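Side chains are part of it too, since the values below use all heavy atoms of this structure and drop only hydrogens, waters and symmetry mates. Predicted model only: the values in this text are computed from it and were never measured.
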Amino acid sequence: MLLLIIKVLHIACAAVWWGVPMSMSRDIRVTVPLGEPHWELLMIRVNRTRLIAIGAGLATILSGVMLILLFGGFASVPIAIHIGFGLAFCLLLSEVFWESSVWGMLVKQLESKEDADVLNRQVRKFSVIGGVQHTLWFCILVLMVFRYV
């Protein structure tokens, strides 16, 4: 029963981690050109989304470690789980550090009312991060679902 509960928790946390920020890059790309009146709400939405995503990512990794330990430890799980775990950890670190730094810079530029070209450059950086993170999510999902291949 404990195994089932942790599996459901793990899958639910992964769904939140991957689903909540899915449209964040698009939201930023669409909202920034709308102008200053929309920026404050954008910052609130993105900060909330990032907080939920990072929390769910941490919960996903912790529940994944609990599952690994319930299956007998790292030595008893397939190599695909090890690779997926490493990629998930890299994904979480990219959200905490890389995405945070680019978002922080964009917020500063929005608050100082930078030129549209400067803002667009930062928005493109954020979109690149989103693309990299989506690729990592896809790889992790494939590794976890097809772990015995």
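We find the CG-CG distance between N120 and L106 to be 10.0 Å, quoted to the nearest 0.5 Å. A distance of 12.5 Å separates CG in L93 from CD in E99, rounded to the nearest 0.5 Å. Rounded to the nearest 0.5 Å, atoms CG (L92) and CZ (F97) are 9.0 Å apart. Separation of atoms CG (L9) and NZ (K7) is listed at 13.5 Å; rounding is to 0.5 Å. Annotation: the span from S127 atom OG to M24 atom CE amounts to 10.0 Å, rounded to 0.5 Å. If you take CG on L42 and CG on L110, they are separated by 7.0 Å, rounding to the nearest 0.5 Å.
Residues V96 and V20 are members of separate hydrophobic clusters, defined by side-chain heavy-atom contacts under 4.5 angstrom among Ile, Leu, Val, Met, Phe, Trp and Tyr. By the criterion of side-chain heavy atoms lying less than 4.5 angstrom apart, applied directly or through intervening Ile, Leu, Val, Met, Phe, Trp or Tyr residues, I79 is grouped together with F85 in one hydrophobic cluster. Both I81 and F138 belong to a common hydrophobic cluster when Ile, Leu, Val, Met, Phe, Trp and Tyr are linked at side-chain heavy-atom distances under 4.5 angstrom. F146 and L141 end up in the same hydrophobic cluster when Ile, Leu, Val, Met, Phe, Trp and Tyr side chains are linked at under 4.5 Å. V145 is connected to W17 through a chain of hydrophobic side-chain contacts under 4.5 Å among Ile, Leu, Val, Met, Phe, Trp and Tyr, so both are in one cluster.
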Residues 52-73, side-chain donor-acceptor partners within the protein, below 3.5 Å, at least two apart:
{"from": "T60", "atom 1": "OG1", "to": "C13", "atom 2": "O", "distance (Å)": "3.3"}
{"from": "T60", "atom 1": "OG1", "to": "A14", "atom 2": "N", "distance (Å)": "3.2"}
{"from": "T60", "atom 1": "OG1", "to": "A56", "atom 2": "O", "distance (Å)": "2.7"}
{"from": "S63", "atom 1": "OG", "to": "H10", "atom 2": "ND1", "distance (Å)": "2.8"}
{"from": "S63", "atom 1": "OG", "to": "A59", "atom 2": "O", "distance (Å)": "3.0"}
{"from": "S63", "atom 1": "OG", "to": "T60", "atom 2": "O", "distance (Å)": "3.0"}

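Side-chain atoms of D27 and S23 include no donor-acceptor pair closer than 3.5 Å.
F89 is linked by a ring pair (Phe, Tyr, Trp, His ring centres under 6.0 Å) to nothing, counting only residues two or more places apart in sequence or in another chain.
The closest side-chain heavy-atom distance from E36 to W39 is below 4.5 Å. For the pair R124/R29, no side-chain contact is recorded, criterion being any heavy-atom separation below 4.5 Å from C-beta on. In this structure, the side chains of W103 and I129 stay at 4.5 Å or more apart for every pair of heavy atoms. Counting only heavy atoms from C-beta outward, the side chains of Q122 and E114 never approach each other to under 4.5 Å. No side-chain heavy atom of L87 sits under 4.5 Å from any side-chain heavy atom of L91.
For CZ of R26, the number of neighbouring non-hydrogen atoms (other residues, nucleotides, ligands) closer than 6.0 Å is 12 at most. The environment of CZ in F74 is crowded: more than 12 heavy-atom neighbours from other residues, nucleotides or ligands sit within 6.0 Å.
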